[in-house]
Amino acid sequence: MSGFEILAFPCNQFGGQEPGSNSEIKQFACTRFKAEFPIFDKVDVNGPNTAPVYKFLKSSAGGLLVDVIKWNFEKFLLDKNGKVYKRYPPTTSPLQLEKDIQKLLES
């Protein structure tokens, strides 16, 4: 999809779900899930060592529990200017973002 990019940031702060090395995580995602998007090195999304990208996302998204990522697979959708458009809970399927993505691509 032109004008659209997925970025993945693994995190091991939720039940130890990402215990492997960065290369092991990337290998797993690419073979098991056919990931064809950038997978960055592991980061902290909560706490004193929160990665700068997550500090920005959380402070820009607003809403309840702004400073807390609740679980792996929480999603943020940004517009073409890098502004957080919407934040989605971990239970939101990527397919459920399609309408919002289309809206942003058309604007």
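- Remark: the backbone N or O of Ser60 is not paired with any side-chain donor or acceptor of Lys83 at under 3.5 angstrom.
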Pair Asp44, Tyr54 - check side-chain contact (heavy atoms from CB on, under 4.5 Å), show working.
CA-CA 8 Å; Asp44 281 357; Tyr54 274 89; over 6 Å; no

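- The CZ atom of Phe4 sits 9.5 Å away from atom CD of Gln102, with the distance rounded to the nearest 0.5 Å.
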Could you walk me through whether Phe76 and Ile69 pass the side-chain contact (heavy atoms from CB on, under 4.5 Å) test, one step at a time?
CA-CA 11 Å; Phe76 293 85; Ile69 299 292; 3.8 Å; yes

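- Cys30 and Ala35 make their closest contact through SG-O, 3.6 Å (heavy atoms, listed as atom of the first residue, atom of the second, distance).
- A heavy-atom distance below 4.5 Å is found between the side chains of Leu104 and Leu77.
- With hydrogens and angles ignored, the 3.5 Å screen pairs a side-chain donor or acceptor of Lys75 with a backbone N or O of Thr92.
- Within the model, atoms OG1 of Thr50 and NZ of Lys55 stand 6.0 Å from one another, a figure rounded to the nearest 0.5 Å.
- Within the 4.5 Å cutoff, the side chain of Leu78 has heavy atoms near those of the Leu57 side chain.
- Here the closest non-hydrogen pair linking Phe56 and Gly82 is CZ-O, 3.4 Å.
- Cluster annotation: Ile6 is not connected to Phe73 through the hydrophobic network of ILVMFWY side chains, with a link wherever side-chain heavy atoms come within less than 4.5 Å.
- At a threshold of 4.5 Å between non-hydrogen side-chain atoms, the residues Asn46 and Lys58 count as touching.
- Ile39 contributes atom CD1, which lies 10.0 Å from atom CD of Gln27 (distance to the nearest 0.5 angstrom).
- Gln17 and Asn72 are linked by a side-chain donor-acceptor pair at a separation below 3.5 angstrom, with hydrogens and angles left out of the test.
- Residue Phe33 is not grouped with residue Leu7 when hydrophobic side chains (ILVMFWY) are merged at heavy-atom distances under 4.5 angstrom, including chains of intermediate members.
- Side-chain atoms of Glu18 never come within 3.5 Å of backbone atoms of Ile25 as a donor-acceptor pair (strictly under, hydrogens ignored).
- When the side chains of ILVMFWY residues are joined at heavy-atom separations under 4.5 Å, either directly or via intervening members, Phe28 and Phe40 end up in two distinct hydrophobic clusters.
- Scanning both residues, Glu5 and Pro38, for their nearest heavy atoms gives OE2-CD, 3.1 Å.
- Here Lys26 contributes atom NZ and Asp41 contributes atom CG; the two are 4.5 Å apart, rounded to the nearest 0.5 Å.
- The structure places CG of Leu95 at 9.0 Å from CD1 of Ile101, a figure rounded to the nearest 0.5 Å.
- With hydrogens and angles ignored, the 3.5 Å screen pairs no side-chain donor or acceptor of Lys99 with any backbone N or O of Gln96.
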